[in-house]
Each structure stands twice: as structure tokens, then as C-alpha cells.
There are 2 protein chains.
Amino acid sequence: MNAEKVINLGEACIEEALKIVAEQGIEQLSLRDIARRLGVSHQAPYKHYANREHLLAEIVKRCFADFSNHLDSRPESCHPMEDLGNLGHAYLTYALTKPLQYSLMFGSSLPDPGKYPEMMKQARHAFSILKDAITRLDDKKNISEIEINALFVWSTMHGMAGILQNHVAGQLNLSVDLKTVAIPKALDRIRIALEAQIANLA
Amino acid sequence: MNAEKVINLGEACIEEALKIVAEQGIEQLSLRDIARRLGVSHQAPYKHYANREHLLAEIVKRCFADFSNHLDSRPESCHPMEDLGNLGHAYLTYALTKPLQYSLMFGSSLPDPGKYPEMMKQARHAFSILKDAITRLDDKKNISEIEINALFVWSTMHGMAGILQNHVAGQLNLSVDLKTVAIPKALDRIRIALEAQIANLA
DNA sequence: ACAATAAAGTTGACACTGTCAACTTTATTT
DNA sequence: AAATAAAGTTGACAGTGTCAACTTTATTGT
């Protein structure tokens, strides 16, 4: 199927890896399979990635970059709370439309963060987008409050995204539709919590 | 080290599997290694578990049962909101003191839920504990509202737990301590959101 | 009590994996 | 054009899951 010669094997490995993860899950990902599908010897990929984890770290790094781009391209709004809502929406949209990438970033199969600083640099950048949006809610807040709120929002987003795709929720016999009802309501509750807390300080 | 004969190999496999996961992570778990450490042939475990995934499903099932027990043994309280706070505390305590078990249940390495109904039965039971606590907040609410709130609370809990152990947060250069500051504040925000929403309906 | 049967455990094989080492080919540099 | 580095190949090894056939141990029915 991939008879023509591969121009850039390093890039081709990443593309093929994503396909394999999409088709068979991350457990089934093997460098040998990548090589086989690209019509190349089983050792060729090792000339570009020292081992399996290095390849995964590179993929995750790009996922974070792609994720940041997606968050940055949300609709503009000059109302900070509306903007935060847009951000939440963009977050979940990403988790739903690119479940592979999302689970690579936030699933438990993440490569050891300490070993891959470039990967984590991209991760911090994504988090800073959320912090910036929360800062605009109330610029009189100190950095701790902002971080606390950011972690709160991120936790809920992360939790909902996880529930949405981990087919766990599908097995809970819920009477309510997740995407159309539960998620918007949950976003409402985040807004309520943040507004109440801002009012408290005022 | 385990020279004396194993009495119940099925149980011994599970114990040894948990040890291996604790020592080396779930990726390193192999049935052959379990067999070797128990001083038994490499095929012996297969007489008790058809394959690797069946063993994992059995482990996860027990984790959910243990999790439910832990949630049920939280301090009693006749104030529903306080009880929900205790529940949240118990949830996070479990995630922090038994990170292995927690990540087995909620990590991405979960065995296919559809294939293991017994496992999911235990999962539903754990979820029902949360639903019950939320029902007591306002017994005039309909089932949908309760489920929505339960998902909201669960999402935030799940997200925070994930952030707490996924070493992701440790790499974000946060200025605030997670356990002592950020988590209690986040629980506050959950309470605020739920109270505001109950007041709205009243 | 004892033969029949099922369960538990062993041994051997196979295809698959990651990874090391040595080699050949191709591209780059000087 | 020679020297050198990069990219790709081939072969090997230990580890893995799992199938099949076998032996040992327990259970069971009569």
C-alpha cells in the first residue's frame, strides 16, 4: 500500500503511529509494525527515535502544540466570562474530535515528563492559555487565586473529557445525554462557582 | 523468596500483579513474570485467567469494590452538604493513598468495559454512592438534575485526582501547593456551585 | 473404594516485540 | 575526490502472549 519510497521517515513514522493508535489503540503500537507498514527495515525507525518512548514523547509534544492552537483559535470575545466559556467549549471539542491526541496527552500512558522537557514546555503553554483567560476575569486577583481557579476549571474539564471518552460513562445507565445536557450544565456550574467567588472578594 | 508452595494461585497472581504494578508500572506487568516470581510454570496463571486482560479486569473489579468500601467508611454526617464534602475528601484520599488502584480504575489502561460486566457492576455501585449523597442535598430534584450534578462533582474529583498523580502538575511551575491549598479551595467551589444551583430552583 | 472425569500445572513451540551490534548504502562535508 | 556522518539493512538475542499436548492432582459418581 505504501510502495513509493518514503521521503522523510521521521515524519512518516509519526503519521503512521497515529494511524495505528487510531486503529488498534496505543497498546498495539510497535516500532516494528510502523516499519513494516512503511516498507522499511525494522531498525530504520531507530535512526530517528532512540526508542519507543522517544517517539511517543515527540508525538505528545506535537499534540500539545496542536491543542494550544485549537484553544487559541476559539471565537474572540471581549467579555472575559464568555471567553472562558468559549475556552471550555474549545477544550471539550478537542477532546471529542481528537480523542487519540487527547488521551495521549492526558491519559496515563504519558511518557515520563521529567525526561522530556520539550514535551512539557508545550504542556505548560497550553495551561497558560487557561491561566490567561482566568486572569482576565479579575485582574486584581493574585497569582495563587488564579492558579487555584485554573486548576479547578482544568480539573473539571479534564474530568468531563475523561468521562466522555473513557467508555465508563456509557456503562453507568445514565438517563441524561452527556453531550447536549450534562456538559453544558456542568459548564454553567463552573461559571456560577467562579462568579460567586469573585463576588465574595469584592 | 516465595519458596513455599502457593496455596491459591489465582489469588496469589492478583497479589503479585499489584506488587509488580507498584514496582514497575502497568506496562511492565506480564503473566510470565508473575509465574516466575511465584515459582510456577509460565502457563499456570492461564488456568485461572484466560489472558492478561481477564486478570486485569478481575483486579479492577476488586479495586472498585475496595473503593466503594473506602467511600462508605467516611465519617457520618447528617448534614448533606457536609457529607458530600466528606465524600469528596474520601475520594481524594483514596486516589492519593492508593494511586495504583485508582489509576487502574480511572486510567486509560482500563480493560474494555463492554466485555467485563462484573467489573462495571462494581463501577456503577461506586458511582451510586455519589448519586445518593447528592440526592440527599435536595430530594425534590429529579433524576436528571441529580445525575448532572453527580457528573459535575465526579468530573472535578476525577480531574483533580488525575492532576494530583499524573506528574503533569508537578511540571507546571505552580506557586501554590496542591494538596493543602488548591484542593480544599476547589472543593469549596464545588459546594458554591451546588448551593447556588439549589437556591436558583427554590 | 475406585474408576472416570475435571481441574491444575508442566513443557515445548510459535510468532511477535524491543533492542544491541555489525554491516552496507547514501549523502555531506572538507 | 576522499573522508566522514547519516540513514538503512541484516542478523541475533531475550522477553512476551498464547496455542497445543502432555502429566499430575483433585473431585466426583456409583
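Lettering follows sequence order; numbering is per chain, from 1. Because the structure is predicted, anything quoted here is derived from the model rather than measured.
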B/S/- contact track for nucleotides 11-18 of chain C, protein heavy atom under 4.0 Å
BBB---BB
Taking salt bridge (Lys or Arg N to Asp or Glu O under 4.0 Å) as the cut-off, I'd like each qualifying pair that reaches into residues 70-79 of chain B, sequence neighbours left out, listed once.
B/Arg74-B/Asp83
Results of side chain to side chain donor-acceptor pair (under 3.5 Å) for B/Asn142 - residues two or more places apart only
none
Quick one: B/Asn8 CG to D/dT25 P, roughly how many Å, whole number?
18 Å
Within the pair A/His48 and D/dG8, is there a side-chain N or O less than 4.0 Å away from OP1 or OP2?
yes
Atom CD1 of B/Ile34 and atom C1' of D/dT16: how far apart are they, to the nearest Å?
13 Å
In whole angstroms, the gap separating C1' of D/dA7 from OH of A/Tyr49 amounts to 14 Å
Taking a pair to mean Watson-Crick or G-U wobble geometry with both distances below 3.5 Å, C/dT10 pairs with D/dA21
Mind calculating the distance between CG (B/Leu55) and P (D/dT16) to the nearest angstrom?
15 Å
Using side-chain contact (heavy atoms from CB on, under 4.5 Å) as the criterion, list what pairs up with A/Phe127, not counting sequence neighbours.
A/Leu130, A/Lys131, A/Ala150, A/Leu151, A/Trp154, B/Leu172, B/Leu174
Pick the nucleotide of DNA chain D nearest each of B/Ala50 and B/Lys47; which residue has the one closer to the 5' end?
B/Ala50
Can you check the A/Glu53 CD to C/dT19 C1' distance for me, whole Å?
15 Å
All side-chain contact (heavy atoms from CB on, under 4.5 Å) counterparts of B/Ile192, not counting sequence neighbours
A/Ala196
According to the interplanar angle, ranging from 0 to 90°, do the rings of B/His158 and B/Tyr102 count as parallel (below 30°), tilted (30 to 60°) or perpendicular (above 60°)?
tilted
Without decimals, in angstroms, what is the distance between B/Leu9 CG and C/dT10 C1'?
13 Å
Of all pairs that satisfy salt bridge (Lys or Arg N to Asp or Glu O under 4.0 Å), the ones with a partner from residues 94-105 of chain A, not counting sequence neighbours
A/Asp66-A/Lys98
